[in-house]
Amino acid sequence: MEPLAPRRAGSEQEEGFRVPPRRVADLGMLPHLPQSHNGLFLSWTGQENLSSWIPENIKKKECLYFVESSKLSDAGKVVCECGYTREQHVEEATKPHIFQGKEWDPKKHVQEMPTDAFGDIVFTGLGQKVGKYVRVSQDTPSSVIYHLMTQHWGLDVPNLLISVTGGAKNFNMKLRLKSIFRRGLVKVAQTTGAWIITGGSHTGVMKQVGEAVRDFSLSSSYKEGEVITIGVATWGTIHNREGLVHPMGGFPAEYVLDEEGQGNLTCLDSNHSHFILVDDGTHGQYGVEIPLRTKLEKFISEQTKERGGVAIKIPIVCVVLEGGPGTLHTIYNAITNGTPCVIVEGSGRVADVIAQVASLPVSEITICLIQQKLSLFFQEMFETFTESRIVEWTKKIQDIVRKRQLLTIFREGKDGQQDVDVAILQALLKASRSQDHFGHENWDHQLKLAVAWNRVDIARSEIFTDQWQWKPSDLHPTMTAALISNKPEFVKLFLENGVRLKEFVTWDTLLYLGQLCWSPACSPCALGFLAAGSGTSHLRLAGRVFRQPWVLMPVGLGGTWAVCCPQVQGVSLRSLYKRSSGHVTFTMDPVRDLLIWAIVQNRRELAGIIWAQSQDCIAAALACSKILKELSKEEEDTDSSEEMLALADEFEHRAIGVFTECYRKDEERAQKLLIRVSEAWGKTTCLQLALEAKDMKFVSHGGIQAFLTKVWWGQLCVDNGLWRVILCMLAFPLLFTGLVSFREKRLQALGGPARARAFFNAPVVIFHLNILSYFAFLCLLAYVLMVDFQPAPSWCECLIYLWLFSLVCEETRQLFYDPDDCGLRKMASLYFSDFWNKLDVAAILLFIVGLTCRLIPSTLYPGRIILSLAFIMFCLRLMHIFTVSKTLGPKIIIVKRMMKDVFFFLFLLAVWVVSFGVAKQAILIHNESRVDWIFRGVVYHSYLTIFGQIPAYIDGVNFNMDQCSPNGTDPYKPKCPESDAAGQAPAFPEWLTVLLLCLYLLFTNILLLNLLIAMFNYTFQQVQEHTDQIWKFQRHDLIEEYHGRPPAPPPFILLSHLQLLVKRVVLKIPAKRHKQLKNKLEKNEEAALLSWEMYLKENYLQNWQCQLQQQPEQRIQDISSKYGGPGARGATAIHRDQRAISPGQAQAPHITRTLAALGVLGQVDAMVELLDMDRVKRSSSVEQRLASLEEQVAQTTRALQWIVTTLKDSGFGSEADVPTLAPQKATDEPDAELGSRRQAEEAGDGYHVNARHLLYPNSPVTRFPVPNEKVPWKVEFAIYDPPFYTAERKDTALVDPVGDLEGLPPLSRISFNTLDGPRDRRSFHGAYAVRAGLPLNPMGRTGLCGRGSLSCFGPNHALHPVVTRWRRNQDGTICRKSIKKMLEVLVVKRPLPELWALPGVSWKLKQILRRESWPAVEDLLQQGVEVYKGYVDDPRNTDNAWIETVAISVHFQDHNDVELKRLNSYLHARDPGVSIRWQVVDRRIPLYSPLSRTSRPLLQRPAALFGAHY
């Protein structure tokens, strides 16, 4: 970061980011972190815990020794060497001290104390946003700070760490570039769950980041996507920091942002969410925070975040805007340590210098060019650049540009780039390709990153390309992670790329997913259903039970719900899939199980995607609707319940859509789908599922109603007039005259019993026969009750009893009729769930009670009364009979709904009736003791008053003592009201009773009755809209009842009951449901039907997608999300709410409201960007197509070249006949990494690179910068002044003397360019020069003199074994690629840095194997073939000492080779701290960089030697 003042030490610097990974759990943290990101005030308990934890674990620094400084403060006061005044020191620091007379030393005179500044921070006058802050010592461990952030501040572990660096002073950017940067930075942070780390001050690049977060906060309507922005600043440079000091914590502490009075200090930026204020005990010293920030970023990047079974190390990226020398140092350190950097071109200074030269070959980046760029972009401070500084800049920029895989230049509107967020994520993916991953592991790692970031657009454009062919099994672990973390777009992407759910879903997979039901991620509704139990869990739908591995859901037919998910031990997904790879699919329908899991988890989009993959899609949609509706009943949260109901409605619409497509195509097959028995869903049918779920829209579909009509008419034609049917019922012989027609022609032709059986078995005929029978029963019962009720029952009354007995038998048959084997309890529950069945049972029981009383002479009259009441209930049963009528049925439904309103109204009415009646009775009557007359006075008379029967005596006008009983002794007269002593005039206050009566009538007659009318009107309108649907839905119950009813009406139905009794009890014949309502198909027929259904489901989904894309909301969302306007989130939300709107429904007003909601009418810049980028997009598309075509031509050329060479080697043709092929382009390697390596090996950059790295390994020594052009000794380099370094080693007898510049005589005894005793000092590259008694590196300058950490001056010889074998399949056959066989090479992992390398040069094979194993390996090396001899570009090389190697190829031809088996046994018995592996030989293998210039020939030559793929 650029210095703010001359005192600032420098800028942000970053050390190594690549260390052994540590998991979050290793820190002793809780497994589930708090989910809150916001700055809300902590609860009292949280504040108390924080106030005790922070002082115990986090310290500050205080100066304990006041030493007067020669400099004065800005106010002219005397200050200490630490920068603070005497008053700002602790009392002990100003007293006579043990350090008296000594110079001030920060290591001795600054001491740590418990911190006194932490808590919540509020910026005065800048809104109510609350942040977090803490003052920490510069020596605070990073683990403690990380624990504070994740545990006490409640931050989620990030998926990405973005370190923003650049200019610390305010700088100007183009408005368009500023907008793009802000939008992209916030977008990548918000979508990936990243942390942004900056300097935290209100200036420079930190201010730009803060304003970006501010703009996002203003445009977002919800807090879920809050961006975490962490400012790491120096405590001693913060203006107005006194307000932050609160020893017990500030909750909140108020901070005043005062830029005008800050002087040389800085203010905190109000738009950051968290602040870490680093204290070293000094005041006004900038750069104090840099070491701690570097360590903290490094520590965070070492953590491993595991979610959904996929663990990734938290990636880090450095984003650079503008900047000065300090920023260049930050970029250099980041690149050196493998951190990718994104440079924003156009932001100024260092960023523009690097961007200008980034596309050039390293050989063209010269000192002169850098000098020109500095003069252009650093005009104000160019005069301060010395020659040595320009050389240093050139060297650093060369090293930065050389690692192109870590460097990304964001150019506005160029190279197809549009957004900074895409550039950042592309940079991370590009960098990951060059790191510790090979082949599939490389792509798998990139995919894990994309899933963690939830950026499916990056996965589509960068990962799922032609460069790598994904196997479906490779995507299974990330598929599971996407399911668990609820990332439906990735699930869809994986399905598009070959993942099949039937192969993906195994027993172990469902057990693993089942753990979610026990985690906080599970919906509260699902947690409410948890039930423990033993044995296998099961799911009940439509009364049928089927196995489930992880849920227990008794569903349907009035059943209760439960969800049971077994808790299994957490294992990594890799091990899970390796363990279960051989498992056979365990369940009948794995897609069903996964769909139920998504539904229970209330994951809307996932459920939709999985449903689209299901085979029995109509039944699946209806089952999901049923499940969601039952779950919504148990859900306590209203919003969640509404979401579930909305999702249930959506699944119902899906079922309707698919069925509509089927019905349009083939009515008969569509109706087969309705009654087909679905084994996957509990042996139920689609029609049964729809009825249980109360999916009225589905049942009221025209196709389903046509089917029900067909069932209703049985084998009769549906176009028969009802009068014809009734006429044939009354005049039976007319049936044989052809008055009615049948659907089957054979019945039309036949006569006699067949036609009669078909006619009388039709439900419509059975229904009307039962109506006639029921009317006859009611007429006969009325006749008996009114005319023929004798003490001894007459024959008419006996006939009624027989009739009733047949009704009882029929109700019993309905109760025990169980064709689906649901059980007696389930059938009883189902039977009594119907209101009309309850009414039937009540009427029969009441009739039986009346009959019992009637048969007892003493209770004959009460028996007749009870039978009269039973007659009323039997008459009410007629309402159910007439529900089949299209005219009366809807009206009966409305009456039923209004009855509910009447009960609510009666409750309100009872309040007024009772209150008025009690008051009236108490005022008028004194001490009435007769209960019946009290009831009459309080309730009965008050109720009749509503209808106009006002008591005559209430106003005293018609007062008459003859109409009442003075003492209440007459049982037939009410007690007289209060009267005078003479008993002639009323004594009660007439005015009060009249007033109460008026108020009573006002509220009851006007208010309550009109309320009742309004309720009826509302109910009528509400029901009237859906009356048709409700009637069609309830019509099924009547049709099903009479479809399974015996044809004979009561009382003749007793004959049918007798026949059933013989069948069930005597003959033991089970009940069977008629195939017309439930049909089990043969397997072949069922498979063909389901395939036809799936085909039409795809048509439905395509049509639905087309309609969705044509909606204006979708187009607005696409534009907003693409160009990131403030309305992007609003567009997404509105689009989600309007998905169900059809294209033709009130579009214009809806579009206007949408545009107004999004602010699109004012966002002209987004549309301008769309037009500006159109040309760039078209050109980019053409370039991509040309590049693809060029690559295909290059591959064809290589193939032809191989064919020609093979034919020539085989003796076909002559040399002259060989056709001339176009030279193969050097750009045939698609990887950016390969392009960077190719650039590094061009002619002008052919010098050693690692040997010139500025930081010498394992030492504090810094090399003198040597740019490329100054490497050769013959090139003059006047200012070249390298330091001298020779490491001290314990084995002094085996190494050369130290030989510093002042003590060279010991080196004079060394003989260079010859055998010097047992040591060979000859170089493979010929004689080397010796200057001033020291040998010179034959490859040129390195920036360091001396021996370094090597053993001897001059060449240090090493052995480099290249151990290879053939790569084989599981069956033992050799793998091939492009016809050629594939090799594998033995590689090892270096401890520091953690990179893979060939054993030998930097790590001897002898260090890998045990001592007893080495002789056998030595024998193998002696039999090997030399493939390379020469110089090794090693970071330990110096001007006077370097490494040269001999590479020996050891190849095992046979996988059963004894020596290979012995070697493998040696490797298995190695030191467990050493990592080894067999890796396929390929040009894309990223090996440790010191060998990069050597490894390619080391691998390429053995591959060519054995004719293998490379």
Suppose the criterion is salt bridge (charged side-chain N to carboxylate O under 4.0 Å, His left out): which pairs have a residue in residues 922-947, not counting sequence neighbours? E928-R930
Enumerate the salt bridge (charged side-chain N to carboxylate O under 4.0 Å, His left out) contacts for residues 827-841, please, sequence neighbours excluded, ordered by first and then second residue. D840-R877
Side chain to side chain contact (heavy atoms under 4.5 Å, CB included) with [X]: which residues, sequence neighbours excluded?
{"X": "V938", "answer": "V918, Q921, I934"}
{"X": "Y1018", "answer": "Q1022"}
{"X": "A706", "answer": "Y663, Q671"}
{"X": "L1038", "answer": "F767, H880, T883, V884, E1041, Y1042"}

For [X], check ring-ring contact (aromatic ring centres under 6.0 Å, His included) against everything at least two apart and list the hits.
{"X": "F916", "answer": "Y1000"}
{"X": "Y1100", "answer": "none"}
{"X": "F903", "answer": "none"}

Salt bridge (Lys or Arg N to Asp or Glu O under 4.0 Å) involving K694 - partner list, sequence neighbours excluded: none
Pairwise side chain to side chain donor-acceptor pair (under 3.5 Å) hits with a residue in residues 893-912, at least two apart: D901-T1019
Set of side-chain hydrogen bond (donor to acceptor under 3.5 Å, both in side chains) partners for D637, sequence neighbours left out: S640
